[in-house]
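Have a look at the structure below, then the notes.
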Amino acid sequence: MSSGHGSVVVTATPAEPASDVTSTRRLPPRDFFARPTVEVARELLGMIVSRATADGLTAGRIVETEAYAGPADLASHARAGATRRTAPMFGPVGHAYVYLVYGMHECLNVVARADGEAAGAVLLRAIEPLAGIELMRRRRGRPNDAAARLGAGPARLCQALAVTRAHDGHDLLAGSELWLSAGPQPPSPTQIASGPRIGVGYAGEDWSRRPWRFWLAGHPSVSRR
DNA sequence: CGAATGATACCCT
DNA sequence: GGGTATCATTCGG
């Protein structure tokens, strides 16, 4: 189990080989996303994000997410209500919300909410690369980075998968350029860790302390340790 | 630790 | 309309 990460204990099971990931496409049902955003965030762990371009296929297993609960959640972009930017969060579940942060980085979210809730979204914070690793390295312009780190962060994930604001509003349960699919098996509850969301101190203690960040414990592709 | 870099939201004329 | 504070990050020093 030691893989050059010193004392890190990897409790998450390794993902299936890339060939298995790409041979079948098991889309989650739309209803999966029509549930409380925090539940969806937890259960997105272990699912696969795939991206096909003329350059080839890239795909990764989701190992870190964060839930954003809607207009009442002061950490969420939805706190300002529906604007041109946040419109996708108020639209159909299972679609993408992609935005630019810090003037240079894109972030990919999946719209989710239960009936009666509003404008929830799950930020995909990290993937374990499964397919197209060399293509990811090229896109990132970092030929020497370890494969496990290519998608270790929300902006890295978008760069590795070539996800841009052109995908804002894109249906992640349809089409053949960017889609979600079920993983081989969901992680066991004991593999899932949770803690406060990253970089949302501006939201005040009430919201920034909530443990709405989920990750696979000890997984080397998680954005922070 | 701090710079990079631009869209956005919000407040003011 | 226009000015500006802020930002769901990353990389290099």
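Sequence lines set the chain letters: A, B, ... in the order given, protein chains first and strands last, and positions in each chain run from 1.
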Whole-Å distance separating the CG atom of Leu123(A) from the C1' atom of dT9(C): 11 Å
Sugar-phosphate, base or nothing in reach of Arg224(A), heavy atoms under 4.0 Å: nothing
Donor-acceptor pair under 3.5 Å, Tyr99(A) side chain vs dA8(C) base: yes
Position toward the 5' end of DNA chain B (nearest nucleotide), His105(A) or Leu100(A): His105(A)
Touch class at under 4.0 angstrom, heavy-atom based, for Thr83(A) against every strand present: sugar-phosphate
Short side-chain N/O contact to dA8(C) OP1/OP2 from His77(A), under 4.0 Å: yes
Side chain to side chain contact (heavy atoms under 4.5 Å, CB included) evaluation trace for Arg213(A) with Arg224(A): CA-CA 11 Å; Arg213(A) 172 184 175 227; Arg224(A) 311 190 179 184; 4.1 Å; yes
5' priority, DNA chain C, between Gln159(A) and Tyr97(A) [closest heavy atom]: Tyr97(A)
Side-chain N,O (Arg125(A)) to OP1/OP2 (dT9(C)) below 4.0 Å: yes
Closest contact, heavy atoms only, Ala96(A) versus Leu108(A): CB-CD1, 3.8 Å
Heavy-atom donor-acceptor pair, Thr83(A) side chain to Thr86(A) backbone, under 3.5 Å: yes
Spacing between Tyr102(A) atom OH and dT6(C) atom C1', to the nearest angstrom: 9 Å
Donor + acceptor pair across side chains of Gln159(A), Arg140(A) (<3.5 Å): yes
Touch class at under 4.0 angstrom, heavy-atom based, for Ala75(A) against every strand present: base
Short side-chain N/O contact from Tyr202(A) to OP1 or OP2 of dA8(C), under 4.0 Å: yes
Touch class at under 4.0 angstrom, heavy-atom based, for Arg85(A) against every strand present: sugar-phosphate
Atom-to-atom span, CD of Glu66(A) to P of dC7(C) - whole angstrom: 15 Å
Span of DNA chain B in contact with chain A (heavy atoms, under 4.0 Å): dA4(B) to dC10(B)
Closest to side chain of Ala155(A), choosing from dA8(C), dT10(C), dC11(C): dT10(C)
Value in whole Å for how far the C1' atom of dC7(C) lies from CZ of Arg79(A): 9 Å
Approximate separation, where rounding is to 0.5 Å, of Thr65(A) OG1 and Leu44(A) CG: 6.5 Å
Protein-nucleotide distance (Arg156(A), atom CZ; dG12(C), atom C1'), rounded to Å: 12 Å
Sugar-phosphate, base or nothing in reach of Arg165(A), heavy atoms under 4.0 Å: sugar-phosphate
Glu64(A) and His219(A) side chains, donor-acceptor separation under 3.5 Å: no
Touch class at under 4.0 angstrom, heavy-atom based, for Arg84(A) against every strand present: nothing
Sugar-phosphate, base or nothing in reach of Arg140(A), heavy atoms under 4.0 Å: sugar-phosphate
Heavy-atom pair with the smallest gap, counting every atom of Pro28(A) and Ser181(A): CD-CA, 3.9 Å
Nucleotide dT9(C), atom P - distance to CG of Leu150(A) in whole Å: 19 Å
Arg149(A) side-chain N/O to dT10(C) phosphate OP1/OP2 under 4.0 Å: no
Derivation and outcome, side chain to side chain contact (heavy atoms under 4.5 Å, CB included), residues Leu27(A) and Leu172(A): CA-CA 9 Å; Leu27(A) 296 177; Leu172(A) 296 168; over 6 Å; no
Between dA8(C) (C1') and Phe214(A) (CZ): distance, integer Å: 15 Å
Glu106(A) CD - dT9(C) P separation (whole Å): 14 Å
Any-strand Watson-Crick or G-U partner of dT4(C), both distances under 3.5 Å: dA9(B)
Path from Tyr202(A) to Tyr99(A) over hydrophobic side-chain contacts below 4.5 Å: yes
